[in-house]
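Please read the structure below before turning to the comments.
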Amino acid sequence: MSLRDLFLVFNGFVLVYFVVLMLSYIVQTFLGWREISEYVKRRPLRDYESVSNSELSTAVSMLVPTYNEEAVVIESIRSLLAINYPTFEIVLINDGSTDGTLERLINEFSLVKVDRVPRANVECEVVQGVYVSPSEERLVVIDKVNGGKADAQNAGLRYARYPLFCAVDSDTILEKDALQRLVWQFQVNPETVACGGIVRISNGSTVKGGAVSDVRTPKSLLPCLQIVEYLRAFLVGRSGWSRMHMLLVISGAFGMFRRDVVVDAGGYDPTNLSEDADLVIRLHRFCRDRKLPYAISFVPDPVSWTQAPTSLRVLGRQRDRWQRGLIQTLWRNRGMFGRPRYGAIGSIAMPYFLVFEMLSGPIELLGFPIVLVSLIEGWISPGVALAFLLLAITAGLAFSFGALRIEERAFQRYRRWSCLARLALAAVVENFGYRQWLAIVRTRSFATILRREQKWGEMVRVPYEAEVPVAAAATPAALTMTVDSDS
Amino acid sequence: MFTEILAPFIGISVIAMALLALLLLGRRLRRDHDFRVSTKRRRHYAQVLRAGTRTELLATAHSVRSRQGRQADFAVVLRDELQGLRADRHAQLNAAALESGLAARLIRQLRSGRAMRRGRAVLIISRLKLRGTVPALASLLSDPDPDVRFAAAHGIAVYESDEAARALIDAIGRETMPPERIVEQVAHPWAVPELISTLNRGEHRNARPLLAEALGLAGDRRALATLTALLTDRADEVRVAACRALARLAEPSSFDAVAAAMSDDFDPVRAQAARALAAIGDRRAVPFLEQGLSDPFWWMRANCADALRAMGDAGNDALERAVHSTDRFARDRAQEALTLNVALGRRSTQLVQA
């Protein structure tokens, strides 16, 4: 086979790849639309208040791993304590922070060290102390040797008391009714073992009293691009997959699980960079291996808010970690591929993630030089190549606009016309540079994996309600975050 | 050649982008329009409900009859407005619903093939508290749609009658929805007579623990005798539930019965009895709780330590003795309880260090 034939075969492969990808986008958008439309129609029938008023509502332990989050940890806890729910506890795990996180917690909540016997047999790094607050009985702080987020969550699982646990990032702000909406799902369908809510980006919005009071898009482009990405991932992707009962990812920033099932499944895998996706896939595996009836679902309006990276450097590290986590997860669960026992999870969802998520970066990146060479050599017509590019962009746009339309149909969080315009613009702009940059980052992750590096990457946090934080002012990312604000 | 091939694709792309932008814009405009219409309509309904004439009430009920969008708005207004409405006004509204045919229409709608329509009918019927509709609503407790079942359970509870309590308790036996969700609807004083009578009749044997739990949640002293009697029930789970319920009632007169449960053979009964003693708060409980610190069941020991923490000096003295216990769990829990009391200023530091 000559080089020309090889290139033409690759071009043909890319064409088929693209067509299948577009078809999957259409199916996901359609299913996401159906799922969320139905959800919105059903909302008036659901009396979520009854969940927060009933003493029989299932009690929830909120697991909050934290590492060097001195700047935001107190605010986060205060926000979590204000949640409207009858019985819950906050298990905050200080994962060997080297800043003053623990000291701030001890001072703020007058914590006292106690001896607690763990309630679950899940492995984790050494726990140096368990602290409780005399004034706030719902708070338990676990101080442990650093072992990563998943290890911290395992430590939380060991000491959590209640049948459900909610994994929350320490920089996450939960809306007041977020827990009751997730618990509703467990109460309506007792087979539910895991349920995820939506994670939204708080950059640019106003945060007051531990809650997002005025939702806006930031002025800078990068967080706007991520808002569109998140809307696409949650409102289209996860809703669509959830409707097909093939949900593979529940965000580590906000998801609820049945504690007994997660403990039996071995808890979180501390060696996995994408511990959230890994846990969900292992839950599928665990339940199907034992032929247990189960449901893993996504609910689109219990909302949590998180800060998105505002510099390419931090964003690149985050996406690199996500990609390496995906590779690890798929590799470690490779035994599920195509096995009839795992049904559609092993035969549709996982292969999809392998081909269209994990390999999309390298395929896209490889496509550019090959198409370029093919063009120079005259193996393909420039018109056809450009037409293909245009169609690819249009299809990508349709996917993004589909997500925005679902947002408009169901939630309309961004009430201002200027915000909507900014998001629409971001949906267009992301096709010219941003997506290609992401493809490079995701391809580079393969090299990192081959070098066996296990970097986590740090995210710079700033206090939500700070005007210009002095401590963070020296950090470019932190400054951008503050300047981002529209207000 | 180049332009010839490219031109249609550029055209298609531009048209597609414009179409996408228009669709997004259209969605925003439509949603804003719907929102405006709905707000205006709700305002109108609220005014009519509060101060409208009989004719206006009739006209409103008539207009709501066959339009689903209007029914949705009407249901919201009923939820928000009815609590502040006078009884005579409520009666007028119900009369208008009957006269206009709205009531009959909604009852027919309960048999609709669409879940949302059935659910909406449940909401309006129950918010209006239309007389004689409990049996019709009860039939939806076995509805194939979970949201309709839940709405029906909630709707029936609004009637606060023996008939409503009976319908909900019977649904526990049918097992069409998680029993806890029904119990939370009947856990109110209005349902206590029916709960007691069901327990006394020995009906719904599997649901007896939950019925006992409901009596506790209702917080009604009329349940005291029944719950005390249940402490000697043959079923372990019933005794556990009775202890939990008595802890909620925290009635001093139940002290002797609860103290006797501290020597029950079933571990969780003892653990719940310890919590009940803490809730009752009678200092006579201290010896029982101190003895419980060396119980073989860890949960019992934990609950006893927590209970002693709330028992003042006598409890603290008992905890101090437990700090020197050979049992690690009792020691740890006692130490934790004392540490927390020190932090709260309920005990001096010297005592703990001793």
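Every chain is numbered from 1 and lettered A, B, ... according to where its sequence line falls, protein lines coming before strand lines. As the structure is a computational prediction, the values presented were derived from the model and not from experiment.
If you take OG on A:S54 and CD on B:Q185, they are separated by 8.0 Å, rounding to the nearest 0.5 Å. Atoms NZ and OG1, from A:K113 and B:T339 in turn, are 11.5 Å apart once rounded to the nearest 0.5 Å. Atom CZ of B:R27 is separated from atom CD of A:E407 by 12.0 Å, given to the nearest 0.5 angstrom.
Across A:A427, A:S110, A:A410, the residue that shares the most heavy-atom pairs under 4.5 angstrom with chain B is A:A410. The residue among A:R409, A:K41, A:R415, A:E38 with the most heavy atom pairs within less than 4.5 Å of chain B is A:R409. Contacts with chain A were tallied for B:V183, B:D34, B:D147; B:D147 has the most, counting heavy-atom pairs under 4.5 Å. Heavy-atom pairs under 4.5 Å with chain A were tallied for B:M116, B:E180, B:R248; the largest tally goes to B:M116. Per-residue heavy-atom pair counts under 4.5 Å with chain A were compared for B:D32, B:V148, B:V76, B:V122, and the maximum is reached by B:D32.
Shortest non-hydrogen contact noted between B:L24 and A:A424 is CD2-CB, 4.2 Å.
Using a 4.5 Å cut-off between heavy atoms, B:L123 contacts chain A through its side chain alone, with no backbone atom that close. Looking at A:R43, neither its backbone nor its side chain comes within 4.5 Å of chain B, counting heavy atoms on both sides. Interface remark: A:V112 contributes side-chain atoms only to the contact with chain B (heavy atom separation under 4.5 Å). Proximity to chain B (any heavy atom under 4.5 Å) is restricted, for A:R46, to the side chain, taken from C-beta onward. Heavy-atom distances place the side chain of B:D145, and not its backbone, under 4.5 Å from chain A. Contact annotation for A:W184: only side-chain heavy atoms (C-beta onward) come within less than 4.5 Å of a heavy atom of chain B.
Looking at B:R181 and A:L56, their side chains come closer than 4.5 Å, going by heavy atoms from C-beta outward. In this structure the side chain of B:F150 never reaches within 4.5 angstrom of the side chain of A:D47, judged on heavy atoms. For the pair B:E184/A:V51, no side-chain contact is recorded, criterion being any heavy-atom separation below 4.5 Å from C-beta on.
Sparse packing is recorded around CZ of B:R275, with 12 or fewer heavy atoms of other residues, nucleotides or ligands lying under 6.0 Å away.
No option in B:R28, B:R30, B:R31 other than B:R28 meets the salt bridge (charged side-chain N to carboxylate O under 4.0 Å, His left out) test with A:E408.
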Could you go through residues 397-404 of chain A and list every donor-acceptor pair under 3.5 Å that involves a side-chain atom there, pairing it with any protein atom two or more places apart or in another chain?
{"unit_1": "A:S400", "atom_1": "OG", "unit_2": "A:R232", "atom_2": "NH1", "d": "2.7"}
{"unit_1": "A:S400", "atom_1": "OG", "unit_2": "A:G396", "atom_2": "O", "d": "3.3"}
{"unit_1": "A:S400", "atom_1": "OG", "unit_2": "A:E430", "atom_2": "OE2", "d": "3.0"}

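Residue-level contacts of residues 210-220 of chain B with chain A, in order of numbering, are B:E213, B:L217; threshold 4.5 Å between heavy atoms.
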